[in-house]
Amino acid sequence: NLMPPVYDLKSKYATLLAKAEDMEIDPIVLHDTLESIKDAIEDKAVGCVQVIKSLEADVDSIDQEIKRLQERKKSYQNNIARLKLSLVDAMNTTGQQKIKTPLWTIWVQKTASVGVMNDDPKKVQTDFVKVETVYKVDKQAALKKLKAGEKIVGLQLRYSESLRTK
């Protein structure tokens with residue numbers, strides 16, 4: 001479990017962090033809050049990067065929590081499936097295909113589905129197989145060609161800027 005970086009944020013940057021953590025904040029308000037800080041650009045950059053690093057640590061923590069909850073969900077789903085199979089088995093063993101109670105009516109129902117033998121759809125009779133074609137642009141190869149000055153129909157070279165810290 002990673003600990004978020006602890007920075008001694010000046011109150012104006014703590015305010016910026018609080019607003020950045022607000023899920024319903026208007027992006028204009030966030031921008032205006034940063035603009036309202038009248039520090040020298042170096043101090044403003046350091047304060048802003050401290051806020052960014054704190055938010056990135058929060059994002060990492062959220063990702064870990066999402067993973068934990070997904071694992072918990074999968075465990076619950078597996079247990080539900082096991083309990084259902086066990087109950088169906090018990091009802092079949094006792095010959096009770098339907099149970100009525102004041103709260104629930106519980107029954108075993110036969111269903112039909114298709115199983116692909118050996119999990120190999122290539123061995124299935126062709127009139128029962130759908131072939132899906134997926135088109136995906138090889139952006140790395142295209143980037144090299146575009147940077148070299150070549151024209152590619154349907155693609156264009158775009159430039160953007162991003163913030164880096166180390």
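- The closest side-chain heavy-atom distance from L34 to K44 is below 4.5 Å.
- Taking CD1 from I66 and OG from S61, the interatomic distance works out to 11.0 Å, rounded to the nearest 0.5 Å.
- In the hydrophobic clustering of this structure, I152 groups with L143; members are Ile, Leu, Val, Met, Phe, Trp, Tyr whose side-chain heavy atoms approach within less than 4.5 Å, directly or through other members.
- Between the S54 side chain and the V51 main chain, no donor and acceptor come within less than 3.5 Å of each other.
- Atom CD of Q140 has 12 or fewer neighbouring heavy atoms from other residues, nucleotides or ligands inside a 6.0 Å radius.
- Inter-residue side-chain proximity for D63 and K67 is flagged as unmet; no heavy-atom pair is nearer than 4.5 Å.
- For the pair N118 (side chain) and D120 (backbone), a donor-acceptor distance under 3.5 Å is absent.
- Atom CD1 of I28 has 12 or fewer heavy atoms from other residues, nucleotides or ligands within 6.0 Å.
- Ionic pairing of K12 and D39 is present here: one or more N-O contacts between side-chain nitrogen and carboxylate oxygen are shorter than 4.0 angstrom.
- Between the CG atom of L55 and the CD atom of Q50 there is a distance of 12.0 Å, given to the nearest 0.5 Å.
- A donor-acceptor contact closer than 3.5 angstrom is absent between the side chains of K100 and T105.
- Side-chain contact between L146 and Q156: absent, with no pair of heavy atoms (C-beta onward) separated by less than 4.5 Å.
- Summarising the geometry, atom CG belonging to N79 is positioned 10.5 Å from atom OG belonging to S86; distances are rounded to the nearest 0.5 Å.
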Side chain to side chain contact (heavy atoms under 4.5 Å, CB included) between I37 and Y13, intermediate numbers included: CA-CA 8 Å; I37 298 173; Y13 294 104; 3.4 Å; yes

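- Interatomic distance, CD of E35 versus CG of L30, reported as 11.0 Å (0.5 Å rounding).
- Atom OH in Y76 sits 13.0 Å away from atom NZ in K73 (nearest 0.5 Å).
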Test side chain to side chain contact (heavy atoms under 4.5 Å, CB included) applied to Q97 and N92, step by step: CA-CA 7 Å; Q97 297 295 297; N92 284 336; 2.8 Å; yes

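- K147 contributes no side-chain N or O that, together with a main-chain N or O of L157, makes up a donor-acceptor pair within less than 3.5 Å.
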Side chain to side chain contact (heavy atoms under 4.5 Å, CB included) between L87 and I106, intermediate numbers included: CA-CA 10 Å; L87 185 54; I106 306 159; 4.2 Å; yes

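- A distance of 12.0 Å separates CG of L17 from OG1 of T33, quoted to the nearest 0.5 Å.
- The hydrophobic clustering, which links ILVMFWY residues whose side-chain heavy atoms are closer than 4.5 Å, places M91 and L103 together.
- A side-chain N or O of R164 and one of S162 form a donor-acceptor pair less than 3.5 Å apart.
- Residue V129 is grouped with residue V116 when hydrophobic side chains (ILVMFWY) are merged at heavy-atom distances under 4.5 angstrom, including chains of intermediate members.
- Note on V88: it clusters hydrophobically with W104, by side-chain heavy-atom contacts below 4.5 Å among ILVMFWY residues.
- A salt bridge does not link K74 to E71: none of the charged side-chain nitrogens sits closer than 4.0 Å to a carboxylate oxygen.
- I99 and V108 fall within the same hydrophobic cluster, defined by Ile, Leu, Val, Met, Phe, Trp and Tyr side-chain heavy atoms under 4.5 Å apart, directly or through other members.
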